[in-house]
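From a predicted model like this one, the values you see are computed outputs, not experimental measurements.
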Protein chains: 2
Amino acid sequence: MVDNDKTGRLGFGATMAEVAALAGVTKMTVSRVLRHPEKVTPATRARVTEAMATTGYVPNRLAGSLTAGATGLVAAIVPTLRHSLFADTLEGLADVLSEAGLDLIVSSSAYRTDVEESQIRSLLERRPEALVLTGLTHTPGARDLLRGFGLPVVETWETGDEPIDMVVGYSNRKAAHAMTRQLLLAGYENIVFVNGPSENNERARHRAEGYLSAMREAGKEPPPIHVVHDEGAILPETGANALRAVRKKLPETDALFFTSDVFAVGAVLACREAGIAVPDAIGIAGFHDLEIGRVVSPTLTTVHVPALEMGRRAGEMILARLSGRRHGAREELGFSILQRASTRPPTK
Amino acid sequence: MVDNDKTGRLGFGATMAEVAALAGVTKMTVSRVLRHPEKVTPATRARVTEAMATTGYVPNRLAGSLTAGATGLVAAIVPTLRHSLFADTLEGLADVLSEAGLDLIVSSSAYRTDVEESQIRSLLERRPEALVLTGLTHTPGARDLLRGFGLPVVETWETGDEPIDMVVGYSNRKAAHAMTRQLLLAGYENIVFVNGPSENNERARHRAEGYLSAMREAGKEPPPIHVVHDEGAILPETGANALRAVRKKLPETDALFFTSDVFAVGAVLACREAGIAVPDAIGIAGFHDLEIGRVVSPTLTTVHVPALEMGRRAGEMILARLSGRRHGAREELGFSILQRASTRPPTK
DNA sequence: CATCGCTATGATACCGATAACACGGAGGAA
DNA sequence: TTCCTCCGTGTTATCGGTATCATAGCGATG
């Protein structure tokens, strides 16, 4: 016979036909042993099972999915895996999905929506059963593509008015508002907000809005927002630099509210080096509740965000949708303000 | 005509046949427009492209892979995503793979080899072109399965004698040895090694061996290794508890070498609370070079491991193998000892 | 003992794409 | 002008499974 392996055979192991031949049955019976074992006589079932074992047969799910109409795949796109927050969300998601036998395919977009769009396009070719995105900011092309395709989409890490499909997030606006208010209640007067670039990022924009509204409600004219342009890596040094820049430009500043604990921790360390008293001479608050904030001294006041939980809820929403159960399409999870040592406590 | 959509059609969007019909050509021509555009007249190509646009066609890669013999998928299994180390490795891997157009499918095994085996089995059904594993410890079933299947496998985070296929790692033994030696050179006398459970974990075992051999080379009888059994979450508290337990049982201890920065940082904080002078009364060293170690005070002496780099190299080895290029199958990357403030410097 | 009905297995078609080969028409050489 | 190429497109078979329907063999029934 002709050598079978010269063809670019996908598999390495045996095919279902080979197993069938060895067991002296047809493919169909082998298929039944896998999908509906009760429909096959124990005797044949045993022969087939043995044939599968001796050939080391592993079913080819590509072929199966092609007819069955379900791939058992869910795709997720995060800005980066190197940020524990997004990794947490993925872990929560993977956790829930794996119990339902769904596999997760992951891409990282490097915070770029154009990259995200091309990844979406490429991922759709694999016919995932759902897609999880980070944030609400996407290219128009991506939105159109997804709306047209009609597959379940969950956007995470934010809440907003026009989701593509489902959303699970928390309000960055409310969270920034709450933290700003907390600082005001602690008696800080000149609170500067240090944000990342917001052109492309709904989260950053919303946090800025929350800060501004809290300031105005307190009857304060907010000082200009300081924006750090972190190219790629998010580093504590960036926070230290921001601290210096702000204190030079606005010497009366008595509190800084950073959009990330990473920056805030950098600022705390810089203060210690420079001999600036935290929280008395200056208060420092962060965002995200990272481990570094618990470890730095003084410990960092911050906003805890439900990273893992968002992943879990996203997974549950997907499962609900896939099984046709009723379920909410927008879920707003809570955050919490963690008052620690880097700011004075509110004097209520 | 009969409604087409009642069938469990995988896709949502159009199929290639529909695009073909709209453009007035056959599927084959549409396929050519995608794979070998130069073989199609500009005129037809334009018609087909337009038809793809108006139908919102997204090719079905399952079908394509089935004939083409390549899925463009790589699978990776990590113990958990919540540990920045493994997330870093994945990011490096994804980075390299995505440039080659390969997608990454990720599972987390919760540090359990039995879970890993079943995940391998399930992932193989998707016919990935390569598999990346964490560590060298796997069930015999998993090893057999993979050897038999003959697909490229890269094991990471360790080096050892009998890899399934390829390995890219560093020597946990040498790293622990080097750190122990560093502590000895700094004049610490009674160095206790605090390890995680090693029954199931080659990394833990190798680190213990490195520690023991360094102690013996220095002519010391090593005190018993303290083992923490972290159920699930790896927390600083565990390190604090270990510190207390060790000091109670072995009061003469003057240095602790932890198998993870997380534990070490917990111990540093506990010392500060208890008023124990670090690094003079007691030296504390960690492993992994996490961010928390840079932020804690005193800053943590630790072993830097090439997490991201392992991912990148694993990706490169896979690409080399897939393209048939010659390439090494075992790669040992370097680590480095970061001498910081939580231990006295070596008095070399 | 003939008929009915059920059950275990087989035969056929199809999922959505691609490789390999077939074929018809335009253009060049003789 | 006629024959030969070559090029663009269509036809057919196939990848590895699964749904659907057909059928053979068996026991139960009257």
With sequence neighbours excluded, tell me which residues meet salt bridge (charged side-chain N to carboxylate O under 4.0 Å, His left out) with [X].
| X | result |
| --- | --- |
| Arg121(B) | Glu117(B) |
| Asp144(B) | none |
| Glu331(B) | Arg313(B) |

Thr159(A)/Arg330(A) under side-chain contact (heavy atoms from CB on, under 4.5 Å): CA gap, chis, key distance, verdict: CA-CA 8 Å; Thr159(A) 55; Arg330(A) 307 198 189 182; over 6 Å; no
How far does the helix from dC1(C)-dG30(D) to dA30(C)-dT1(D) bend, going by the axes of its first and last five pairs, to the nearest 10°? 50°
Once you round it to whole Å, what is the distance between [atom2] of [N] and [atom1] of [X]?
| X | N | atom1 | atom2 | answer |
| --- | --- | --- | --- | --- |
| Arg127(A) | dA17(C) | CZ | P | 7 Å |
| Asn60(B) | dC15(C) | CG | C1' | 9 Å |
| Arg61(A) | dG16(C) | CZ | P | 18 Å |
| Leu66(A) | dA19(D) | CG | P | 12 Å |
| Glu18(A) | dC15(D) | CD | P | 11 Å |
| Glu125(A) | dC15(C) | CD | P | 20 Å |

Can you pull out the residues from residues 34-56 of chain A that lie within a 4.0 Å heavy-atom distance of DNA chain C? Val40(A), Thr41(A), Thr44(A)
Give a yes/no on whether any side-chain N or O of Thr67(A) is located under 4.0 angstrom from OP1 or OP2 of dC14(C). no
OP1 or OP2 of dA17(C) under 4.0 Å from side-chain N/O of Tyr57(B): yes
Side-chain donor/acceptor pairs under 3.5 Å, residues 25-44 of chain A, sequence neighbours excluded:
from	atom 1	to	atom 2	distance (Å)
Thr44(A)	OG1	Thr41(A)	O	3.0

Residues 317-325 of chain A, side-chain donor-acceptor partners within the protein, below 3.5 Å, at least two apart:
from	atom 1	to	atom 2	distance (Å)
Arg321(A)	NE	His327(A)	NE2	3.2
Arg321(A)	NH1	Asp165(A)	OD2	3.2
Arg321(A)	NH2	Asp165(A)	OD1	3.0
Ser323(A)	OG	Leu319(A)	O	3.1
Ser323(A)	OG	Ala320(A)	O	3.2
Ser323(A)	OG	Arg325(A)	NH1	2.9

Can you list every salt bridge (Lys or Arg N to Asp or Glu O under 4.0 Å) pair that touches residues 56-79 of chain B, not counting sequence neighbours? none
Selection residues 103-112 of chain B - residue pairs positive for salt bridge (Lys or Arg N to Asp or Glu O under 4.0 Å), sequence neighbours left out: Arg126(A)-Asp103(B), Arg112(B)-Asp114(B)
Within the sub-3.5 Å range, which N or O atoms of nucleotides 21-23 of chain C have a protein N or O partner, and how far apart are they?
none

Working to the nearest 0.5 Å, report the span between CG of Leu90(B) and OG of Ser84(B). 11.5 Å
Could you check which residues of residues 22-30 of chain A get a heavy atom under 4.0 Å from DNA chain D? Sort them by number, please. Lys27(A), Met28(A)
Consider side chain to side chain donor-acceptor pair (under 3.5 Å). Of Arg143(B), Glu202(B), Glu116(B), which one does His138(B) pass it with? Glu116(B)
Working note: Ile77(B) + Val115(B), criterion side-chain contact (heavy atoms from CB on, under 4.5 Å); need CA distance, chi angles, decisive distance, verdict. CA-CA 10 Å; Ile77(B) 303 179; Val115(B) 173; over 6 Å; no
Please tabulate, for side-chain N and O atoms in residues 91-100 of chain B, each donor-acceptor pair with protein atoms closer than 3.5 Å (sequence neighbours left out).
from	atom 1	to	atom 2	distance (Å)
Glu91(B)	OE1	Thr80(A)	OG1	3.4
Glu91(B)	OE1	Leu81(A)	N	2.7
Asp95(B)	OD2	Arg312(B)	NH1	2.8
Ser98(B)	OG	Ala94(B)	O	3.3
Ser98(B)	OG	Asp95(B)	O	3.2

Under 4.5 Å between any side-chain heavy atoms of Ile164(B) and Arg147(B), yes or no? yes
